[in-house]
Enquirer: 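Structure in structure tokens, see below.
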Number of protein chains: 2
Amino acid sequence: MEKNKQKKLEAAGWRIGTVDEFLNLNQQEAEYIELKLSLSKNLQKRRRSLKITQKDFAKMIKSSQSRVAKMESGDPTVTIDLLVKSLLTLKTPKNSLSRILPR
Amino acid sequence: MEKNKQKKLEAAGWRIGTVDEFLNLNQQEAEYIELKLSLSKNLQKRRRSLKITQKDFAKMIKSSQSRVAKMESGDPTVTIDLLVKSLLTLKTPKNSLSRILPR
DNA sequence: ATAAGATATGTCATATCTGACATATAGTCA
DNA sequence: TGACTATATGTCAGATATGACATATCTTAT
């Protein structure tokens with residue numbers, strides 16, 4: 001890698017080819033999983049508070065009971081996209097998800 | 001649909017087979033797109049403020065320049081997952097994305 | 001304990017997303 | 001202007017996520 005590029009990447013918080021890089025990757029991964037899990041739990045909480053079964057909720061989002069179970073358990077095959085779409089289904093227009101953005 | 005189930009769905013804010021349902025779907029879709037676009041713009045802003053090119057940033061996230069361009073333009077083939085992972089790469093551990101959760 | 005309903009787990013064909021590449025367009029500077 | 005760098009757009013083969021299904025396990029009521 002040329003010197004110049006390395007400087008730029010370091011400016012973005014990277015230390016190339018070092019332990020730091022490894023730790024950063026783990027950190028990102030951890031935060032990503034944490035985020036997903038939080039969405040999962042929130043979804044489950046909302047569904048339960050509405051006294052809807054996974055089966056009924058699956059119909060609302062045109063999915064299946066098994067996938068809803070996977071959503072709520074934080075299964076690795078479930079994307080944030082699916083979780084967000086599901087949460088939006090359970091929200092009234094006023095309680096917008098747009099408030100959950102980076103600040 | 002049986003009467004009982006319909007009641008449950010209505011409790012979750014649905015009016016089955018009506019104009020309301022149609023509007024709700026549009027509303028969700030709109031919020032989903034709005035969310036994605038906001039993440040897109042945030043990503044672009046962060047990358048630019050760090051004076052990193054799309055090409056260099058692509059290397060950081062093990063992707064390609066073209067996909068970074070698509071991320072920043074809100075291309076429909078880009079998932080929230082990819083945007084979030086990318087944003088996490090540009091954040092220092094302290095500025096966690098975990099603060100952007102549903103409240 | 002046992003039946004019934006709800007939720008979890010495993011699998012799979014199909015749909016969708018991905019990085020990569022080619023190439024077009026926009027921006028910058030001599 | 002033209003050369004150079006950055007960004008945008010189109011395409012595609014391979015990778016990953018999806019809904020659906022079968023079936024297992026948990027929960028609850030009797």
Side-chain angles (χ1 to χ4, degrees), chain A residues 1-5 7-9 11-12 25 28-29 32-33 35-37 39-90, chain B residues 1-5 7-9 11-12 25 28-29 32-33 35-37 39-90:
Chain A
M1 180 177 318
E2 69 166 296
K3 213 67 182 168
N4 202 13
K5 188 176 297 173
K7 257 191 180 169
K8 284 183 182 174
L9 294 182
L25 285 172
Q28 289 164 225
E29 179 72 6
Y32 174 76
I33 291 172
L35 173 57
K36 254 179 70 171
L37 229 56
L39 292 170
S40 290
K41 289 312 146 203
N42 201 279
L43 179 66
Q44 184 171 68
K45 190 177 150 199
R46 283 174 185 278
R47 178 185 62 79
R48 283 181 173 163
S49 76
L50 289 167
K51 312 263 193 232
I52 303 170
T53 64
Q54 289 184 343
K55 199 175 164 195
D56 284 350
F57 181 56
K59 283 211 168 162
M60 291 175 71
I61 61 174
K62 302 190 206 312
S63 181
S64 61
Q65 179 271 322
S66 56
R67 190 134 295 272
V68 171
K70 281 164 184 133
M71 283 187 221
E72 295 184 353
S73 71
D75 187 288
T77 72
V78 172
T79 60
I80 290 182
D81 288 69
L82 189 58
L83 288 167
V84 165
K85 282 177 183 169
S86 299
L87 278 166
L88 287 176
T89 298
L90 287 186
Chain B
M1 182 177 320
E2 69 166 296
K3 213 62 181 173
N4 204 13
K5 188 176 300 174
K7 258 191 180 169
K8 284 184 183 174
L9 293 183
L25 285 172
Q28 289 164 226
E29 179 72 6
Y32 174 77
I33 291 172
L35 173 57
K36 252 178 72 171
L37 230 55
L39 292 170
S40 290
K41 289 311 147 202
N42 201 280
L43 178 66
Q44 184 171 68
K45 191 178 149 198
R46 284 176 184 277
R47 179 186 61 79
R48 284 181 172 164
S49 77
L50 290 166
K51 313 266 193 226
I52 303 169
T53 63
Q54 289 184 345
K55 199 177 164 194
D56 284 349
F57 181 57
K59 283 211 167 160
M60 291 174 70
I61 61 174
K62 302 191 207 308
S63 182
S64 60
Q65 179 271 324
S66 55
R67 188 133 299 271
V68 171
K70 279 162 186 139
M71 284 187 217
E72 295 184 353
S73 72
D75 187 287
T77 73
V78 172
T79 61
I80 290 182
D81 289 69
L82 189 58
L83 287 167
V84 165
K85 283 177 183 169
S86 299
L87 278 166
L88 287 176
T89 297
L90 286 187

Enquirer: With respect to the phosphate group of C:dA8, does any side-chain polar atom (N or O) of A:Gln54 fall under 4.0 Å of OP1 or OP2?
Expert: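 So the side-chain polar atoms of A:Gln54 do come within 4.0 Å of the phosphate oxygens OP1 or OP2 of C:dA8, strictly under.
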Enquirer: Salt bridge check: are A:Arg47 and A:Glu72 linked by an N-O gap of less than 4.0 Å?
Expert: yes
Enquirer: To the nearest Å, give me how far apart CD (A:Glu72) and P (D:dC26) are.
Expert: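 It is 17 Å, rounded to the nearest whole Å.
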Enquirer: Could you tell me whether A:Ser64 contacts a base, only the sugar-phosphate backbone, or nothing, with contacts defined as non-hydrogen atoms closer than 4.0 Å?
Expert: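 Base contact - A:Ser64 has a heavy atom under 4.0 Å of at least one base atom.
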Enquirer: What's the CZ-P distance between B:Phe57 and C:dA20, to the nearest Å?
Expert: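 B:Phe57 atom CZ is separated from C:dA20 atom P by 14 Å.
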Enquirer: Separation of A:Lys62 atom NZ from C:dA15 atom P, in whole Å?
Expert: 18 Å
Enquirer: Remember a base hit wins even if backbone is also touched, and classify A:Ser73 as base, sugar-phosphate or nothing at under 4.0 Å, heavy atoms.
Expert: nothing
Enquirer: Rounded off to whole Å, could you give me the NZ-to-P distance for the B:Lys51 and C:dG27 pair?
Expert: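 Spelled out: NZ on B:Lys51 to P on C:dG27 is 17 Å.
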Enquirer: Taking the nucleotide of DNA chain D with the closest heavy atom to each, which residue, B:Gln44 or B:Arg67, is nearer the 5' end?
Expert: B:Gln44
Enquirer: Counting only side-chain N and O atoms of A:Thr79, is one of them less than 4.0 Å from OP1 or OP2 of D:dT18?
Expert: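 So the side chain of A:Thr79 is within the cut-off, an N or O lying under 4.0 Å from OP1 or OP2 of D:dT18.
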Enquirer: OH of A:Tyr32 versus C1' of D:dT16: gap in Å, rounded?
Expert: 11 Å
Enquirer: Are side-chain N/O atoms of A:Thr77 and A:Asp75 paired as donor and acceptor at under 3.5 Å?
Expert: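 A donor-acceptor contact under 3.5 Å links the two side chains.
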Enquirer: Side chain of A:Lys70: nearest nucleotide among C:dT9, C:dA20, C:dT18?
Expert: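 Shortest atom-to-atom distance from the side chain points to C:dT9.
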Enquirer: Can you tell me which nucleotide in C:dA6, D:dT9, C:dA8 comes closest to the side chain of B:Ala69?
Expert: D:dT9
Enquirer: If you assign A:Val68 and B:Ser63 each to the DNA chain C nucleotide with the nearest heavy atom, which residue ends up on the more 5' nucleotide?
Expert: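 Result: A:Val68.
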Enquirer: Kindly give the heavy-atom pair with the smallest separation between B:Leu50 and B:Leu90, and that separation in Å.
Expert: CD1-CD2, 3.7 Å
Enquirer: Send over the distance from A:Arg48 CZ to C:dA6 P, rounded to a whole Å.
Expert: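 Whole-Å distance recorded here is 13 Å.
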Enquirer: Check this for me: B:Lys45, atom NZ, are more than 12 non-hydrogen atoms of other residues, nucleotides or ligands nearer than 6.0 Å?
Expert: no
Enquirer: How many whole angstroms separate atom CG of B:Leu82 from atom P of C:dT16?
Expert: 18 Å
Enquirer: Which part of the nucleic acid does B:Arg47 contact within heavy-atom distance under 4.0 Å: base, sugar-phosphate only, or nothing?
Expert: sugar-phosphate
Enquirer: NZ of A:Lys85 versus P of C:dT16: gap in Å, rounded?
Expert: 10 Å
Enquirer: Taking any heavy-atom pair under 4.0 Å as a contact, classify A:Val78: base, sugar-phosphate, or nothing.
Expert: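 Sugar-phosphate contact only.
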Enquirer: Give the nucleotide from the list D:dC21, D:dG10, D:dT7 with an atom nearest to the side chain of B:Ser66.
Expert: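 Nearest listed nucleotide: D:dG10.
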Enquirer: Taking all non-hydrogen atoms of both residues, which atom of B:Phe57 and which atom of B:Thr89 are closest, and how far apart?
Expert: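 Minimum heavy-atom contact is CE1-CG2, 4.5 Å.
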Enquirer: Below 3.5 Å, does any donor atom in the side chain of B:Gln65 face an acceptor in the base of D:dA8, or the other way round?
Expert: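 Present.
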